[in-house]
Amino acid sequence: MKRSNEPIAWGLFGAGGMLLALIGPGLVLATGFLLPFAEPAAAFHAVDALVAHPLGKVLLLAFIALPLYHTVHRLHHGLQELHAPLPHGLVALVCYGSATVLTIASASWLLVR
Amino acid sequence: MSDSIAIHVNRYRPGVDEAPTEQRYDVPMDGDLSVLEALNYIKDEIDPTLAYRWSCRMAICGSCGVMVDGEPRLGCKTFLREFADRGELHVRALDNFPVERDLIADLEGFMDHLAAVKPWMMHDSERAPAEGEYRQTPAELERFQQFSQCINCGLCYAACPQFGRDDSFLGPAALTLALRYNLDSRDDGSAGRMAALNADEGVWRCTFVGYCSEVCPKDVDPAQAVNRGKVASTINYGLNLLRLARGKHDA
Amino acid sequence: MTRKPYRAPQRWNWWLKNPAYRRYLLREATALPLFVYALVLVSGLYRYTQGQLAFTRWLEALQAPGWLVFHAVAVAACVLHAVTWIELVPKLLVVPGISGRSIKRGHQVAALIGSALVDAAALASWPLAGGAS
């Protein structure tokens, strides 16, 4: 029996799931209902302030990356469970691949600031 | 309560039937009767050809597992009065296993999975009988006792959709049994069981549906055991990356 | 006596057959709106890097009724996720001396505080448009 590499995906899935459970509803409320109706300049400067701080960068990256890895893990397994007629490896590649690409992109945007 | 209840039972005769079909039996209704007792009544009084497994009739042997109205149940622990209002119930062999005949599921694969986790005490060194017995505190017993209550009835496998999709998955009972031994203070064999847990067919096929624990007649909570196994497997994975825990299945 | 076991392969709609399975699929389905939400965050970060004007356009776009409905669905999905997740935490986090019920309670309290803190931080960070400036 070959050792599975699933622990990596599961670890990220678990971290993302815990984050979403502990702050998710509040976060979605904040960005979905409070942010769009904020005074735009103030909102922009608030993000500025957050990104200026290295801890702020880390937090922002975590709030993006961890939910990404959490959701793609569920989507990956969900498609398998629904018997989606797609090659198994392809679904995994698209799911974890897109999460990784978006995470790297976000990290690069944050680091340039 | 009406004086009779209709029990629709899946019949399957290998070599005669292409697929299972339902046969209806009307059984005298009694508030105390279990599904197993109703099957015994059917076999004794109506149709001696009906095939099914049973033994202790008190939820300890694990023989009489069947699907009752789509749920994995022990026949001896399921009572007709639960279906009195409906006036009927449907009984078929446990899901996710090949059906041998009528209500008899082929559990050989399940037995093989149990064996795959090395479900026996392993010691680093042997003790001579003169050295006395292995001693264990109540607290040490408490760590694994719940997981030792499994009666191998197979209901959790009938419940598990991952096992239903692919029966190479070791499954709830086998993975719980592995944890039972790993948590037992008298056992030194955890390392030897990790290969089975670490495989894709080990803990990693589980997606925590949790239905296995809902149907377990002995409150073993296999879902908990399997997912604690995921934690152990993840730690083992990390240690292996750092070259601190290598098994025979690692390069 | 020849054996001819009957094997029924799992159908794609297996999850429709049992309430327990439907509940499970609903829980897993929360990943769909939450994935889209994560994409929204990524797009917001990108617009922010494009400058204040681009970011303002992004904020205005999120005011559309379609996005408000989406975010309402996303909040509901996140709540369902949180409730079912915290239910399962005691199964993985087994600590000698601390009951499963306490672990669950602790996480529920932490979740309420966590979400409240995020919203408080948001409200403190920017005044709502149209409010006193």
Side-chain angles (χ1 to χ4, degrees), chain A residues 14 16-51 60-61 63-75 77-78 81-85 95 98-99 102-103 105-106 109-110 112-113, chain C residues 10-12 14-15 25 28-32 34-35 37-42 44-46 48-49 52 55-56 59-63 67-68 70-72 74-75 77-79 81-83 85-86 89 92 107 110-111 113-119 121-123 125-131 133:
Chain A
M18 193 59 88
L19 181 74
L20 285 172
L22 294 179
I23 66 154
L27 187 67
V28 182
L29 254 165
T31 61
F33 295 98
L34 298 179
L35 190 58
F37 297 100
E39 208 277 307
F44 187 79
H45 292 307
V47 182
D48 259 345
L50 190 63
V51 175
L60 213 43
L61 188 61
F63 286 6
I64 287 176
L66 292 178
L68 275 174
Y69 280 107
H70 171 82
T71 53
V72 296
H73 186 77
R74 268 195 164 145
L75 291 174
H77 285 292
E81 287 163 340
L82 294 173
H83 297 200
C95 284
S98 60
L102 291 169
T103 298
S106 302
W109 296 330
L110 284 167
V112 205
R113 305 263 109 217
Chain C
Q10 190 188 61
R11 300 236 124 81
W12 77 271
W14 59 268
W15 52 278
L25 246 284
E28 298 298 286
T30 61
L32 205 45
L34 290 178
F35 175 67
Y37 173 70
L39 295 180
V40 170
L41 288 184
V42 172
L45 178 62
Y46 177 67
Y48 162 76
T49 66
Q52 190 169 335
F55 189 67
T56 304
L59 291 180
E60 287 166 2
L62 284 182
Q63 293 171 3
W67 279 118
L68 295 178
F70 165 76
H71 277 100
V75 172
C78 208
V79 170
H81 160 77
V83 166
W85 185 268
I86 293 174
V89 167
L92 275 100
H107 279 79
I113 294 176
S115 273
L117 275 176
V118 169
D119 286 329
L123 287 168
S125 297
W126 55 72
L128 294 181
S133 45

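Within every chain, numbering begins at 1; the chains are lettered A, B, ... in the order of the sequence lines, protein sequences first and strands thereafter.
Both the backbone and the side chain of C:A72 come within contact range of chain A, each with at least one heavy atom under 4.5 Å from a heavy atom of that chain. For a residue to count as touching a neighbouring chain, one of its non-hydrogen atoms must lie under 4.5 Å from one of that chain's; by this rule C:V89 touches chain A with the side chain only. For a residue to count as touching a neighbouring chain, one of its non-hydrogen atoms must lie under 4.5 Å from one of that chain's; by this rule A:H73 does not touch chain C. Heavy atoms of C:L25 lying under 4.5 Å from chain A belong exclusively to its side chain. Contact annotation for C:Y48: both backbone and side-chain heavy atoms come within less than 4.5 Å of a heavy atom of chain A. Proximity to chain C (any heavy atom under 4.5 Å) is shown, for A:L50, by neither the backbone nor the side chain. With a 4.5 angstrom heavy-atom cutoff, A:L60 touches chain C only via side-chain atoms.
Between the side chain of C:Q63 and the backbone N or O of A:P36 there is at least one donor-acceptor pair closer than 3.5 Å. In this structure a side-chain-to-backbone donor-acceptor pair under 3.5 Å is present from C:W14 to A:E81. At distances below 3.5 Å, at least one donor-acceptor pair connects side-chain atoms of C:H81 with backbone N or O atoms of A:G17.
Highest contact tally toward chain A, considering only C:V42, C:T30, C:T56, is held by C:V42 [criterion: heavy-atom pairs under 4.5 Å].
Aromatic ring orientation, C:Y46 versus A:W109: tilted (interplanar angle from 30° to 60°).
You'll find the side chain of A:V112 stays beyond 4.5 Å of the side chain of C:T49, heavy atoms only. C:L68 has its side chain within reach of A:F37: a pair of non-hydrogen atoms, C-beta onward, lies under 4.5 Å apart.
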